[in-house]
Amino acid sequence: QVRLVESGGGSVQSGGSLTLSCAYSGYAIGPYYKGWFREAPGKAREGVASIDSDGNTDYSDSVKGRFTVSQDNAKNTLYLQMNNLQPEDTAIYHCASVPTYLRDLPDSKNMTPVQALAANVNGFGYWGQGTQVTVSS
């Protein structure tokens, strides 16, 4: 099975930066794409960033221009560089891997890749335990 382990979370002041890492291992049949979603009390799960095997990326509007997702396949590691962090970014950040075919599901037809990742990860994909990011003003 696929395992993912996040690291790099912490507490920062507003405007600060953090880099999250996700070490992944294991095997899953078929093509998967990866990304990050976050969960915060009182808020819906939000897809943050995604990246596919071709390097195509997608971001939520709330983080676009501030966050950058990348992966190093040689190291089996996914990254999320977060700049200009704001209090509203406070959440538990999870990395995830979901089947590419999810993009073709009826409920995902009108979703961006990162939205589809967040919407379907619990039913179809894999995710890590998460790492806490706290941003204070």
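Residue numbers start at 1 and run along the sequence shown. Everything quoted here is computed from the prediction, not taken from an experiment. Atoms considered below: every heavy atom in the structure, side chains included; atoms not considered: hydrogens, waters and symmetry mates.
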Answer whether the closest heavy-atom distance between the side chains of Q115 and N120 falls below 4.5 Å. no

So T112 and R103, side-chain hydrogen bond (donor to acceptor under 3.5 Å, both in side chains) or not? Walk me through it. CA-CA 8 Å; T112 65; R103 298 296 316 285; over 6 Å; no

Sub-3.5 Å donor-acceptor pair from the side chain of N73 to the main-chain atoms of N76, do we have one? no

Do you know which two heavy atoms are closest between I51 and S70, and how far apart they sit? CD1-CA, 4.0 Å

Tell me, do L20 and Y93 make a side-chain contact under 4.5 Å, heavy atoms counted? yes

Y59 side chain near V48 side chain, heavy-atom distance below 4.5 Å: no

Pair D89 + R66, salt bridge at N-O below 4.0 Å: yes

Quick check on D104: does its CG atom have over 12 non-hydrogen neighbours (other residues, nucleotides or ligands) under 6.0 Å away? yes

Residue list, salt bridge (charged side-chain N to carboxylate O under 4.0 Å, His left out) with E39, at least two apart or on another chain: R45

Is the shortest side-chain heavy-atom distance between F67 and N83 below 4.5 Å? no

N84 and Q86, any side-chain heavy atoms less than 4.5 Å apart: yes

side-chain contact (heavy atoms from CB on, under 4.5 Å) evaluation trace for N122 with W127: CA-CA 8 Å; N122 65 337; W127 65 96; 4.2 Å; yes

Taking the side chain as C-beta and beyond, is there a heavy-atom pair between P87 and Q13 under 4.5 Å? no

Test log, rule side-chain contact (heavy atoms from CB on, under 4.5 Å), inputs V5 and Q129: CA-CA 7 Å; V5 181; Q129 82 290 335; 4.3 Å; yes

Tightest non-hydrogen contact, residues M111 and A116, listed as SD-CA, 3.7 Å

So, for V121 and A96, which heavy atoms are closest and what is the spacing to 0.1 Å? CG2-CB, 3.6 Å

Looking only at heavy atoms, the pair that brings A49 and V114 closest together is N-CG2, 3.2 Å

Do you see a donor-acceptor pair shorter than 3.5 Å between the side chains of S17 and Q81? no

Heavy-atom closest pair, residues L4 and C95: CB-SG, 3.5 Å

From T68, V133, V135, V12, residue fulfilling side-chain contact (heavy atoms from CB on, under 4.5 Å) relative to M82: V133

Apply salt bridge (charged side-chain N to carboxylate O under 4.0 Å, His left out) to D58 and list each qualifying residue two or more places apart in sequence or on a separate chain. none

Positive for side-chain contact (heavy atoms from CB on, under 4.5 Å) with Y24, one of E6, R3, K34: K34

Verify the neighbour count for atom CG of D107: are there more than 12 heavy atoms of other residues, nucleotides or ligands below 6.0 Å? no

Nearest-0.5 Å distance that lies between atom CD in Q132 and atom CZ in R38: 12.0 Å

Let me see the working for L80 and T19 under side-chain contact (heavy atoms from CB on, under 4.5 Å), right down to the final yes or no. CA-CA 6 Å; L80 184 67; T19 299; over 6 Å; no

Of W36, Y126, F37, which is the lone residue that meets ring-ring contact (aromatic ring centres under 6.0 Å, His included) with H94? F37

Could you tell me whether Q1 atom CD has more than 12 heavy atoms of other residues or ligands within 6.0 Å of it? no

Where S14 and S137 come nearest, the two heavy atoms and their spacing: CB-CA, 4.1 Å

Nearest 0.5 angstrom please: S21 OG to Q71 CD, how far? 13.0 Å

